[in-house]
Amino acid sequence: MERRVLIHAPRGRDAAVVKQVLADSGMASRICPTPDDLLQQLEHDGAGAAVVTEEAFPVLQDAPLHRWLQRQPSWSDFPFVVLATRQASRRSAGATASLRKLGNVVLLERPVNAETLSSAVASALRGRARQYATRSHLLELEQTRATVERLNRELEDRIAIRTRELASANDRLMAEISERERAQAALAQAQKMEAVGRLTGGIAHDFNNLLHVVSMNLDLVGRLASEPKVATVAAQAKRAVSRGSKLTAQLLSFARSQSLLPRHTDVNALLQGMQELVAVSVGSAIRVETALHDGPVHAVLDANQLEMAVLNLAVNAKDAMPAGGALRIATRVDRLAEGDTALPAGDYLVVSVADEGEGIPQHLLGKVFDPFFTTKPLGSGTGLGLSQVYGFAQQSGGLARVSSPPGDGTTVEMLFPLAREEDAAPPEATAPAPAAPVGPFHILVVEDDTDVRRVIVESLQLAGHRVTAAADGPDGLQALEAARPDLLLVDYAMPGMTGAEVIEYARLRFPGLPVILATGYADMAEVGRVLGTQSVLIKPFDIATLSRAVAQVMSQRPAAPVSA
C-alpha cells in the first residue's frame, strides 16, 4: 500500500489515462472518485503519492484533506503531483491557496508527456520511500531508547534494593556496576563500528565507481593513442588505480559490503597451501609455525578473502617483531554456549595468528579494528589490514577478536561457523574450453552511474558490438522488450530495482538470455540465487576483462551475429 499512487481526477477520462500511464511504468495506482474516498485511502490504507488535477481544487479547498496534512507526523511530507492548466493566470485565488496548502507539490502543466508524468510520480514515490525509511529509523531509535531506559531503570532498582538490604555485600555491588560499564562500553563500541561501517561502505562504493571510470578511460587512451609514450603513461596510471581499488576493497570488507564468493572450504588445506607465500611475505628472520586441528575442518567462506586476511595478519606480526621471532598460525574447533559471544551457540572454526612482539597497549585494543587506525610510523601502513579482517569475519557469519597481554605478543582470532565435510559440493568436472563466439553482438547495458555507463558503452563499441544503454532497472526492462539484445550487462546496486531483480525478470521473460552482472558492492547470496557466479565482473575491471566475460558467456549459447 505504501508504494501505490492515488489518483483524484473528477473530470472526463483523466483518471483512467493517468492510471494507464502509471501501469505502463510498473506503478500500482487506485482511482479515488471523490475527496472523501481520497482521504479515506490516505488515513486507513496509506499511499506513496497522489496525482490530482487542478479541477479538484474547489472541492478539496473545503475538504478535511488539509486538516489531515496538518496532522502529519514530523517525518511525513506527503507528495502530490498536480496536473495544472497551462494558463496559471486563470487560476482562482482559492485554487492557488489550496495548492499552497498541499505543501509538497510537483506542478505539471497539461498537456503532460507520459514519460514526464511517470518520472515525476516515480520521483515522488522515491521521496515518500525515504520518508517511510525515516519513520522506521525513528521507531527503531525510540524502541532502542525505551529498551535502554527500561534496562537502566531495572538495573538502578536492583542496585537500590541490594544497597538497602545487603549493605555488607559491597563487593558484589561493585562487580555489578563494573559489569554494567563493560556492557555499555561494548554497546557503544558496536554502535560506533556499525556507524563507521555504513559511512565507509557508501564512500568506498562511490569511490570504486570513480576508479572504474578512470581505469577504463585509461584503457581506452592506451588503445587509441598512437604514441608509445602515451600508452606507457596510461599503464603507470592504471597501476595507481589498481592500488586504489585494493584500498576500496578493504574498506568494503570492513563495511561488510564486499562482494564475497563464499564456498565450502577446507581451511586446513588452504593454510597449508599458503605456507610458502606467508614465509616469503614475512622474511627469513621470522619463523613460521603451524598448529592445525587434527583432520580437515570446513567453513563456508571466500577463500581469497581468507588468504588476504591471513597475509594481512602475518605482515602485521612481522612489523611487531623487527628483531625476528615466531609467527604461529593455528586452527581449532570451539563450541560456543549461548551468551559466550554475540554469535549463536554452536561449533565454530577458530583461525588464529599469533606473534611474539611486545603487544598492543591495553587502551588501544578497542581501536585496532577501526579503519585507518595504526600504531605504525607515518607512511608505514594504511591502517586497513585489521579492518579487512574484521569485516570479512563479520560478513562470513563470524567475528574477529584480538588479545594482547602486556609484553606477551598479540593474537588475532577469526571465528567462522563450522561446516560439515559431507556437505561439500563434489568437485566440478573440467569442461572443454568453449569455441570462440562469432560477433559482433547486440548488448544491452543497464547502469545508473552516467560516467560508468558511458565508458562501458564506448569500450563495447570499440570492440565492434552494437550497444543499447539504460539508466535504471525499469528503463532496462523496457529496452529489453524493445531491443531483444543478444546479451544483458547490468549493474547490481541501482536505485529502485537491483540488478538481481532485473536479471530475474529477464530470465523469466527470455529464458537462456546470456547475462553479465557488474558490481563492486553486491549481496552475492542474492546474486548467486538468480545468476550463479560464472558471469560476475567485480569493479573496477578493464576492457580486456570485459571482453573476456562477453566471449565466455556468449560461447555458452549459440547466437547469430547482429548487424551493426
Side-chain angles (χ1 to χ4, degrees), residues 1-11 14-19 21-23 25-85 88 91-110 112 116-150 495-496:
M1 291 297 184
E2 294 181 349
R3 291 288 300 170
R4 66 175 182 164
V5 181
L6 301 179
I7 304 171
H8 180 54
R11 293 187 184 178
D14 287 351
V17 171
V18 172
K19 183 177 180 65
V21 169
L22 298 182
S25 297
M27 290 179 274
S29 61
R30 186 186 192 280
I31 296 176
C32 300
T34 66
D36 290 341
D37 186 39
L38 177 63
L39 184 61
Q40 174 78 9
Q41 294 299 318
L42 288 173
E43 287 185 333
H44 297 286
D45 296 328
V51 179
V52 182
T53 58
E54 189 173 5
E55 293 82 1
F57 285 179
V59 179
L60 290 175
Q61 185 176 4
D62 300 325
L65 176 61
H66 294 149
R67 291 194 294 275
W68 178 85
L69 290 171
Q70 293 172 353
R71 294 196 306 270
Q72 291 184 96
S74 59
W75 58 265
S76 177
D77 187 13
F78 189 81
F80 290 87
V81 177
V82 177
L83 305 183
T85 58
R91 188 174 298 131
S92 66
T96 302
S98 182
L99 178 62
R100 291 174 179 171
K101 289 180 180 179
L102 290 180
N104 186 3
V105 171
V106 175
L107 193 64
L108 301 178
E109 290 188 352
R110 290 179 287 185
V112 181
T116 301
L117 176 59
S118 298
S119 177
V121 174
S123 177
L125 287 174
R126 288 194 296 272
R128 187 61 173 172
R130 288 191 289 270
Q131 294 176 24
Y132 283 130
T134 300
R135 178 190 64 183
S136 299
H137 293 326
L138 290 174
L139 289 175
E140 291 175 1
L141 288 174
E142 184 63 29
Q143 291 171 356
T144 301
R145 186 177 67 180
T147 300
V148 171
E149 289 177 352
R150 177 179 59 82

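Predicted model, so just to flag it, every value in this text is computed and none were measured.
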Handout entry: side-chain hydrogen bond (donor to acceptor under 3.5 Å, both in side chains) against Asp37, all qualifying residues, sequence neighbours excluded
Key = Arg30
Handout entry: Over all atoms of both residues, closest heavy-atom pair of Ala47 and Arg128
Key = O-NE, 3.6 Å
Practice task
Over all heavy atoms of both residues, which pair between Ala15 and Ala9 is shortest? Give the atoms and the distance, please.
Solution key: N-CB, 3.7 Å
Exercise for the section: Please list, chain by chain and in numerical order, all residues satisfying side-chain hydrogen bond (donor to acceptor under 3.5 Å, both in side chains) with Glu140, sequence neighbours excluded. Expected result: none
Exercise for the section: Report the C-alpha distance between Val81 and Val5 in whole Å, list the side-chain angles of each, state the deciding distance to 0.1 Å, and finish with yes or no for side-chain contact (heavy atoms from CB on, under 4.5 Å). Expected result: CA-CA 10 Å; Val81 177; Val5 181; over 6 Å; no
Handout entry: Exam field: side chain Thr147 to backbone Gln143, donor-acceptor pair closer than 3.5 Å
Key = yes
Problem - Heavy-atom closest contact (Pro79 atom, Ala124 atom, distance) - result: CG-O, 3.7 Å
Practice task
Enter the distance from Leu42:CG to Leu69:CG here, rounded to the nearest 0.5 Å.
Solution key: 8.0 Å
Problem - Heavy-atom check, side chain of Gln131 versus side chain of Asn104, under 4.5 Å - result: yes
Practice task
State whether the number of non-hydrogen atoms from other residues, nucleotides or ligands found under 6.0 Å of Arg150 atom CZ is greater than 12.
Solution key: yes
Handout entry: Straight-line distance of Ser29 OG to Leu6 CG, nearest 0.5 Å
Key = 9.0 Å
Handout entry: Qualifying salt bridge (Lys or Arg N to Asp or Glu O under 4.0 Å) pairs, either residue in residues 40-51, two or more places apart
Key = Arg4-Asp45, Glu43-Arg71
Problem - His8 (side chain) donor-acceptor with Cys32 (main chain) under 3.5 angstrom - result: yes
Handout entry: Side chains of Val18 and Val112 in contact at under 4.5 Å (non-hydrogen atoms)
Key = no
Exercise for the section: Measure the shortest side-chain to side-chain distance between Leu125 and Met27 over non-hydrogen atoms and say whether it is less than 4.5 angstrom. Expected result: yes
Exercise for the section: Name the orientation class of the two ring planes belonging to Phe78 and Trp68 (parallel below 30°, tilted from 30 to 60°, perpendicular beyond 60°). Expected result: perpendicular
Problem - From Glu54 atom CD to Asp14 atom CG, the distance as rounded to the nearest 0.5 Å - result: 12.0 Å
